[in-house]
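In what follows, chains are A, B, ... by sequence order, proteins preceding strands, each numbered from 1. What you see is a predicted model, and the numbers here were worked out from it, not measured in a lab.
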2 protein chains.
Amino acid sequence: MMELTRKGEYAIRGILYLASQPLGKVSLISEIAEAAEVPQTFLAKIFQSFAKMGIVNSYRGTGGGFTLARHPGKITLREVVEAVEGPIIPNRCLIEGGGCDRRGNLPCCVHEVWKDVQAGVVRVLDGVTIEQLAQKG
Amino acid sequence: MMELTRKGEYAIRGILYLASQPLGKVSLISEIAEAAEVPQTFLAKIFQSFAKMGIVNSYRGTGGGFTLARHPGKITLREVVEAVEGPIIPNRCLIEGGGCDRRGNLPCCVHEVWKDVQAGVVRVLDGVTIEQLAQKG
DNA sequence: GTATAAAAGACAAAAACGGTCCTGAAGGTA
DNA sequence: TACCTTCAGGACCGTTTTTGTCTTTTATAC
């Protein structure tokens, strides 16, 4: 249960490669894919998501590629994971805005527990930057 | 990401029904399914898992059915969820026993983070019993 | 213009999810 | 013994998600 998919795994590997490069250096997706050992076309999709979320900048044409959009110390693991996997939601009932009980419009009896789980996971992932991860190697 | 499946949702609903019944009362799967609004054959599979994990007792033949195997205050939400969804493992690397780094037999740089996530989730779910949930519900 | 590189979308195999159905086994009951 | 009840176990099946690939388009540099 609660398992990260390959996409999330690849996303982390890809962004960590960028973080390991000199700040501001533009990297090709082919280069990142090779270094991170991820299928190139799949990684391209992942980096599209990153670009949309403002985690990386993308440049087209000759000399194009990707750079981090911010200092790696300002990018959290949570952002990276959520960019490709969507928000961290242990149960649908957290989306339905409190009307999750089957007999009415109140929160179900597990609602608060899922909120606690969510908060716990978010706190851990928000507490780690890709700079910290990159330093560990 | 990290979403509970229907199976987990149904599992909780089913066990909560049992917890709401007089202690020791034997309930038919058909009765539980109707009360919990879950497809009966599907719920039957779920209760098979419960029985294997020692959460419920099952009895066959006339007068058979299911009872809780323990007092509801001694059954945690974690047990219920894990019985049907498997162990809480945010990343495969937690299974591989430390050899998750691509360049060798060491833990990867995110390993400790996943351990923290896992520990956090487990702590929350272990802190809630189905008795507590049943009282609220 | 032309080469380069990312963006976007269509497509597809494989796995997981969300069930159903059927047979068998175990336990009562007459 | 025969029969009925109830759970156990496995086969099956449609749908969705995952894990990609491939092709076309768009933006940019030279």
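Rounded to an integer number of Å, the gap from Gln40(B) CD to dC21(C) P is 12 Å. Atom CD1 of Ile29(B) is separated from atom C1' of dA26(C) by 17 Å (rounded to the nearest Å). If you measure from atom CG of Leu28(B) to atom P of dC4(D), you get 18 Å, rounded to the nearest angstrom. The distance between atom CD of Glu85(B) and atom P of dG18(C), rounded to the nearest whole Å, is 8 Å. In this entry the distance linking CZ of Phe42(A) with C1' of dT18(D) reads 7 Å, nearest Å. For the pair Gln48(B) CD and dG9(D) C1', the interatomic distance rounds to 6 Å; values are reported in whole Å. Rounded to an integer number of Å, the gap from NZ of Lys45(A) to P of dG20(D) is 14 Å. The distance from atom CG of Leu43(A) to atom P of dA6(C) is 10 Å, rounded to the nearest whole Å.
No engagement by Phe47(A) is indicated, since no non-hydrogen atom pair under 4.0 Å with the nucleic acid exists. Residue contacts for Phe50(B): at a heavy-atom cut-off of 4.0 Å it reaches no nucleic acid atom on any strand shown. Counting non-hydrogen atoms under 4.0 angstrom, Thr41(B) reaches a base of the nucleic acid.
Checking dG27(C), dT19(D), dT20(C) against the side-chain heavy atoms of Pro39(B) singles out dT20(C) as nearest. Ranking dA27(D), dA3(C), dG27(C) by closeness to the Arg60(A) side chain, first place goes to dA27(D).
Put simply, Tyr10(A) has a side-chain N or O that comes within less than 4.0 Å of OP1 or OP2 on dG20(D). One finds a side-chain N or O of Ser58(A) lying less than 4.0 angstrom from the OP1 or OP2 phosphate oxygen of dA7(C). Within the 4.0 Å cut-off from OP1 or OP2 of dG18(C), at least one side-chain nitrogen or oxygen of Thr5(B) is found.
With hydrogens and angles left out, the side-chain atoms of Asn91(A) and Glu3(B) include no donor and acceptor closer than 3.5 Å.
Minimum heavy-atom separation, Cys100(A) to Cys93(A): CB-CB, 3.2 Å. Taking both residues in full, the closest heavy atoms of Leu94(B) and Pro90(B) are given as CD1-CD, 3.7 Å, listed atom of the first, atom of the second, then distance.
Glu82(A) contributes a side-chain N or O that, together with a main-chain N or O of Ile88(A), makes up a donor-acceptor pair within less than 3.5 Å.
Nearest-nucleotide positions on DNA chain C place Phe66(A) closer to the 5' end than the other of Phe66(A) and Lys7(B). Ranked by how close their nearest DNA chain D nucleotide is to the 5' end, Arg6(A) and Gly61(A) are led by Arg6(A).
With respect to Arg78(B) and Glu85(B), no salt bridge is recorded, no charged nitrogen being found less than 4.0 Å from a carboxylate O.
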